[in-house]
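Report on the following structure.
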Amino acid sequence: MAQPLTTPAATVPPNHRFDIGPVQYPKLFGATTVPIPMSDGAILTADILRPGDGSGPARAPLPAIINFTPYNKMLNRHGMRWNDTLRAFGHRVGSSDRRRFTARDVLHTPAGGILEPFVINRTAVRRGYVGLMIDVRGTGTSTGSWDFFQPREQQDYLEAIAWVREQPWCNGEFAVTGISYGAIAALITAGLRPEGLRAVFAIEAGEDPMRELGLTGGVPMPGMLLWMLAVTGSKWLPSVPGLLRAGMTGQFLRDRIADPAGWVRHAIEIGLTERHPDSFLNPMWAGKLARFEDITAPTWIHGRWHDVYNRSNFRMFDRIPLSGGAKQVVVDDSYHLTVGSGLGAPDSPQAIDELQCAWFDRWVKDIDNGIDRYGPVTVRRQGDGRWLRHSVFPDPAATRQRLYLNAEITGAAAHAGTDAGLSSAPTELGSRLPLPTGRIRLASNNTGVMSMGVTLLFGRRFGTDDRHAEAGAVTFTSAPFTTDTVLSGPMNLHLNVEVEGVDAFWSVTVCDVEPGGASVPLTRGALLSSLRAIDAAGSEYVDGELLFPLHTLTAESALPVTPGVPFVVDIEINPTEALVRAGHRLRVAVSRSSFPRHLIPPWLRRTITGQAIVLDPEQPSYLTFRAAPAD
């Protein structure tokens with residue numbers, strides 16, 4: 001569990017404004033495609049932004065902010081030209097009241113300042129930092145072959161940092177940052193403890209990318225292939241002037257021709273090959289993970305409830321052995337491409353580029369600006385949009401609760417494949433509820449998550465009303481809540497099931513059902529039956545009851561599925577903090593697919609036929625979660 005804040009000074013509220021001071025340097029000076037040689041002959045390239053004035057770049061050495069990226073810094077550099085315009089556009093659009101995340105909030109995103117740290121944070125550079133964006137090996141204009149987060153790439157981080165610290169414009173101290181891939185790279189770097197590292201600011205990182213994105217619930221995610229195609233395609237668009245200037249053209253072409261497709265080919269092999277070794281967690285995947293327990297630099301983790309990495313925001317926070325405000329976690333109610341939407345509003349944290357600057361000022365420059373008295377857990381609660389500060393997560397006031405699945409028709413889900421109930425007591429009648437089959441329904445919040453929020457522009461069915469998708473699900477809906485209730489933390493759906501084939505896939509969405517009928521997704525989970533084995537040591541129990549199962553997802557731990565014989569699956573449901581108001585209902589929707597979030601490969605699809613939830617008074621099915629009365 002998270003450690004309480006230990007700083008004796010008073011804490012500050014979520015919407016506190018930290019002083020980042022005035023602009024110290026009115027001009028910025030850029031150098032593009034600067035070569036950084038690696039020990040094995042590969043060459044990484046960096047864009048470097050230095051502050052200065054009319055006489056040129058700052059003469060005194062300054063701390064550096066380093067961002068490792070696979071997303072072709074040249075393309076990002078050109079995007080910087082639109083930062084101010086897009087930020088102004090976001091302000092003009094304005095945000096919603098944020099009780100629910102809407103299409104307006106998607107368009108409002110740039111106003112929150114995210115376009116600065118996505119590339120190089122000019123807000124910070126103008127206040128006395130040198131900003132660097134470095135193409136990782138085999139991407140952008142860097143040579144070599146791309147193999148994300150592999151040990152050689154991790155060594156590259158250290159060698160590039162050593163090069164930066166030797167430059168006359170660097171004072172030997174630095175921070176690491178990034179978004180998504182860059183955030184994971186920053187956390188991996190922090191776990192390696194390079195000399196001179198003073199702070200980390202990780203935006204939308206994941207504890208275990210393969211578990212959370214590549215093999216969610218035990219099956220591939222099609223978005224991974226699209227991501228690899230994008231990275232692979234952009235590596236063929238180098239900065240030609242930069243290559244010529246550095247004399248790297250021949251080496252660049254040789255490396256690209258030697259490995260034209262790389263991980264795209266391998267990803268297709270994983271998806272199409274039955275029981276491919278890399279379609280399970282294994283030592284190769286483990287070698288790509290950050291060593292959170294070894295992190296000693298102050299670390300800020302910035303996540304979202306509907307992010308593809310939502311599962312692990314608090315797990316990463318808990319694993320980092322820091323306290324006293326030196327680690328912070330902030331989780332907003334938004335999506336992967338909408339980070340920062342609403343930040344800067346009076347009732348919200350300040351803009352994310354300013355937060356990052358304040359974090360680095362505190363831990364890199366030792367300026368006592370009070371940001372170590374923030375949080376250390378700051379969340380925007382779903383259901384009312386309020387920003388809340390906690391000393392730990394989940395809320396200590398929340399106690400373990402159970403709602404049991406039953407077959408009673410509630411009348412609240414006539415649109416669903418099957419309308420069933422949730423109650424405080426186990427069912428007394430046995431029944432069998434088959435999961436519907438039929439066409440894939442793309443209008444769903446799962447599509448919203450996989451589009452990283454973009455499809456919310458097409459309407460509520462992609463974000464805040466999942467009834468269209470529930471036509472392909474068995475829904476279990478509670479009676480209306482009699483008091484305002486807060487759900488806090490992860491959940492576990494314990495199901496007694498039966499299948500006709502030798503495997504089955506279960507996709508689960510937990511929703512807040514409004515009095516008007518809209519089914520608003522709060523959180524979700526998924527599991528392949530044959531990978532239901534649980535790592536008890538890594539799972540979370542409350543009062544002896546399993547609350548957050550950690551599945552091993554290895555080939556060796558796969559369990560047989562016998563057609564016609566009931567068995568139990570425990571499905572981990574990602575953490576959330578949500579207000580369910582009086583008069584609202586809680587719903588658990590269970591379906592056999594959730595494309596495009598999950599992909600059932602052809603060879604696996606042939607093993608899956610009928611699947612059903614067995615409601616047995618002797619072996620009840622139930623949702624376990626934490627809840628507390630609303631304040």
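For this chain, numbers begin at 1 and follow the sequence in order. These values consider heavy atoms only, across backbone and side chains, with no hydrogens, waters or symmetry-generated copies. Keep in mind it's a predicted model, so treat the numbers as computed, not measured.
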With sequence neighbours left out, which residue pairs that include part of residues 478-487 fulfil the side chain to side chain donor-acceptor pair (under 3.5 Å) condition?
none

Pairs touching residues 407-433 that satisfy ring pair (Phe, Tyr, Trp, His ring centres under 6.0 Å), sequence neighbours left out:
none

Determine which pairs satisfy ring pair (Phe, Tyr, Trp, His ring centres under 6.0 Å) with at least one residue from residues 323-343, sequence neighbours left out, and list them in order.
F101-Y335, H306-Y335

Would R402 and Y622 count as a cation-pi pair here, with the cationic atom under 6.0 angstrom from the ring centre and within 45° of the axis?
yes

T410 and D419: side chain donor to acceptor below 3.5 Å:
yes

Looking only at side chains, do S334 and W305 share a donor and an acceptor under 3.5 Å apart?
no

Residues that [X] engages under ring-ring contact (aromatic ring centres under 6.0 Å, His included), provided they are two or more places apart:
X: W363; value: W359
X: W387; value: none
X: F462; value: none

Salt bridge present between D333 and R98 (N-O < 4.0 angstrom)
no

Are the side chain of K327 and the backbone N or O of F317 linked by a donor-acceptor pair below 3.5 Å?
yes

Where does the angle between the aromatic ring planes of F393 and H390 fall among parallel (under 30°), tilted (30 to 60°) and perpendicular (over 60°)?
tilted

For R587, the salt bridge (Lys or Arg N to Asp or Glu O under 4.0 Å) test, sequence neighbours excluded, returns E470

Only counting residues at least two apart or in another chain, list the ones meeting salt bridge (Lys or Arg N to Asp or Glu O under 4.0 Å) with D97.
R99

Applying salt bridge (Lys or Arg N to Asp or Glu O under 4.0 Å) as the test, list every pair that has at least one member in residues 512-537; sequence neighbours left out.
R100-D512, R100-E514, R460-E514

What pairs meet the salt bridge (Lys or Arg N to Asp or Glu O under 4.0 Å) rule with one or both residues in residues 492-501, with sequence neighbours excluded?
R432-E498

For R319, enumerate each residue passing the side chain to side chain contact (heavy atoms under 4.5 Å, CB included) test, keeping only those at least two apart in sequence or located in another chain.
E207, F292, E293

Among all residues two or more places apart in sequence or in another chain, which pass the side chain to side chain contact (heavy atoms under 4.5 Å, CB included) test with V568?
H494, N496, D570, Q619

